[in-house]
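Each chain gets a letter, A, B and so on, in the order the sequences are listed, and its residues count up from 1.
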Number of protein chains: 2
Amino acid sequence: METETLDCLSRLAPDLMEDMRQRAAVLERISALQPVGRRALSQRLRLPEREIRAICDRLKDDGFLAVAASGMTLSEKGTAALPGARELVHALSGLSTLENALTRALNVGRVCIVPGNADLDPEVLHEAGRLAARHLTALLRDGMTLTVSGGTSVAAVAQAMPRGTHRLNVHVLPARGGLGMALETQAGTLAAEIARALGGRHSLLHVPDQISPDALKALLVMPEVRETIRALHHTDVLLYGIGRAEVMAASRSLPEAEIRGILSRGAVGEAVGNYFGADGRLVFQASEVGLSGEELRQVPHVVAIAAGAIKARAVIAVMRHHHHELLVIDEGAAREIMKVM
Amino acid sequence: METETLDCLSRLAPDLMEDMRQRAAVLERISALQPVGRRALSQRLRLPEREIRAICDRLKDDGFLAVAASGMTLSEKGTAALPGARELVHALSGLSTLENALTRALNVGRVCIVPGNADLDPEVLHEAGRLAARHLTALLRDGMTLTVSGGTSVAAVAQAMPRGTHRLNVHVLPARGGLGMALETQAGTLAAEIARALGGRHSLLHVPDQISPDALKALLVMPEVRETIRALHHTDVLLYGIGRAEVMAASRSLPEAEIRGILSRGAVGEAVGNYFGADGRLVFQASEVGLSGEELRQVPHVVAIAAGAIKARAVIAVMRHHHHELLVIDEGAAREIMKVM
DNA sequence: TCCCGCTGGCCTTATATTGTCCCAACGGAT
DNA sequence: ATCCGTTGGGACAATATAAGGCCAGCGGGA
């Protein structure tokens, strides 16, 4: 859907196109949350319930919606109209233009932008997760090795992973052993969750970042650990969330002095325990085990996810270090990136 | 403006797109009739005056309209948005699709369709005239010879001809002398009017269709007549209206027997005094003087105009005889042509 | 110059939309 | 079986919007 026609329409009748965007957005949201009711929709779309009701009545009359006691569902006709609606809401929010600009500016294979700002609306992160999950499954092939990081962003992807639709024999690995965070956002937990959703298998890597050389040596002789590390180096697809250096450094239980050291060397972005400066230079890596900063450059398919305007500089830093096939961010991050670049 | 996006929008929200179409149509109409008021607009667009008023208020708020005591005018912004509005109303009425279909079906260089049906609304003919006039001036170059037929369609073109905007040294000729109709729709009158509008010169051809061989011979030795006929054969651009055979035959003062003869030979369409069968075969020509049916094939640029569903079969007949660069018809004719072909 | 017809603006009334609250019913979890 | 949360639908008042008619002012034609 080219943007020129829509621009013309928006200039001629901004009010009508705004209505149009809302209608398309409602349809899109219903498809993502079905079966769903007016109240839930009004929360997600930040619109008065009455307005949602009016729009839904309209969509219902037009035959796009099937209503049940449990909520509203897309009818067959609605499903058919969905792709168009998706493109529409995207283009009308100006996100297509943003995506193109960022694809060039960041030298990424493809940038996908989700509407909203995760800093203000936690739901946006989930939507980003849904989108990343869709693209990820499209990328995966039978027999591939998928490596994932920890963090809330990847957790959102795991949660949104389509469950058992088509079983894929995928081997899912954690990018590192890191035990610094809550269990439900650790890489190992997420690897297991994603593997279960896909119908594949997973391995774990119980190697803390802060580990004595002796202990490390002892762990490395264990067959499962060696096997997992070996598999890591044959990663086909890598999925990670991008973090802010200061936040990530603080959340890993590093000595205060070391944190200051990392930051004083200009670290702004983090990915898989590696810290990058604003120019994309690798300035620190948290552990010897797992994918090193240099190895990130070797992975065939790199998918990154980040949400929130606050992560803009971190995203830029990581993008500059190595090439990404896909970057999923939210509108807040996207606009901020455009602003500071 | 590609039609796919608009189709998608129309499917998703037909009501909004209808509003959009109306708004664009109002803008377009104002540009054609400016300065103009609500009442005139409501007549032309067949909408309640109050609705026109609402739309205009909206357009005014958006800065597309400049209001004066003498009526509404397009502002600079409005003029800038006009091309888009034009394409829009065209595409949303499905006329673009129709044009493409007819261009192929009739093997014409280009088909232009004006909304409405001249059979029901005389204003449509004027609009067709305006459109043809625009395209005609775009076709003309300094020093060219333009030949025109008579009839109400060409009269509408003459009336809508932009007056004295850029003076063109064009020589305008009547396609034949024909004295069968009212003065103001005779070819000579129209040639004069168009020449005056363009700032060129014109010649006349006072040779009645029904003339005795002796009288004809006498006329043909007159220098002005010979000179005009010579110029006719160097026509660069030919503009004519397409007529229905039965109507045209009756309006020219032909003997009753001859009329029946022409029609019995299957004549359905007429152009410049030549009668064509449904298959495009030339079945009769009214006069020895002027452009013969065969000569029509030699003219570099042929522009035809016809309005009204009732002329559908006549248009098809003429189109089949020789190639046209441009055909301007109204929506009524266009849809009827599609139906009967 | 004057007058007629046209224009946009304004005021009043009718209608549609919106905001708010409630309700009966269904589903899922306990 | 029962309870809780959520669903769509309905009712109704407040408000915004649309419709209709009237009027003053300006411009073109006589």
>> Among D/dG8, C/dG9, D/dG9, which nucleotide has an atom closest to any side-chain atom of A/Met72?
In response: D/dG8

> In terms of side-chain heavy atoms of B/Arg39, which of C/dG8, C/dT18, D/dT7 is nearest?
Replying inline: C/dG8

> Expressed in angstrom and rounded to an integer, what is the separation of A/Asp19 atom CG from D/dT17 atom P?
Replying inline: 12 Å

>> When you measure from the side chain of B/Glu331 to the backbone of B/Gly116, do you find a donor-acceptor pair of N or O atoms at a distance under 3.5 Å?
In response: yes

> Rounded to the nearest Å, what distance is computed from the NZ atom of residue B/Lys60 to the P atom of nucleotide C/dC10?
Replying inline: 10 Å

>> Expressed as a whole number of angstroms, how long is the span from B/Leu65:CG to C/dG9:P?
In response: 11 Å

> Taking everything shown except B/Glu4 itself, do over 12 heavy atoms lie less than 6.0 Å from its CD?
Replying inline: no

>> If I take atom CZ in residue B/Arg53 and atom P in nucleotide C/dT7, what distance separates them, rounded to the nearest angstrom?
In response: 12 Å

> Quick one: A/Arg38 CZ to C/dC23 C1', roughly how many Å, whole number?
Replying inline: 12 Å

>> Can you tell me which nucleotide in D/dA11, D/dG9, C/dG8 comes closest to the side chain of A/Arg50?
In response: D/dA11

> Within a strict 4.5 Å, meaning less than it, do heavy atoms of the B/Cys56 and B/Ile30 side chains meet?
Replying inline: yes

> Start at the 5' end of DNA chain D and walk down; is the nucleotide closest to A/Ala68 or to B/Glu49 reached first?
Replying inline: A/Ala68

>> Rounded to whole Å, please give me the gap between CD1 in B/Ile30 and P in C/dT7.
In response: 12 Å

>> Output the rounded distance in Å from CZ (A/Arg58) to C1' (C/dA16).
In response: 14 Å

> What's the shortest heavy-atom distance between A/Ala132 and A/Val157, and which atoms?
Replying inline: CB-CG2, 3.9 Å

> Hey, does A/Pro48 reach any base, or is it just sugar-phosphate, or nothing, if we go heavy atoms under 4.0 Å?
Replying inline: sugar-phosphate

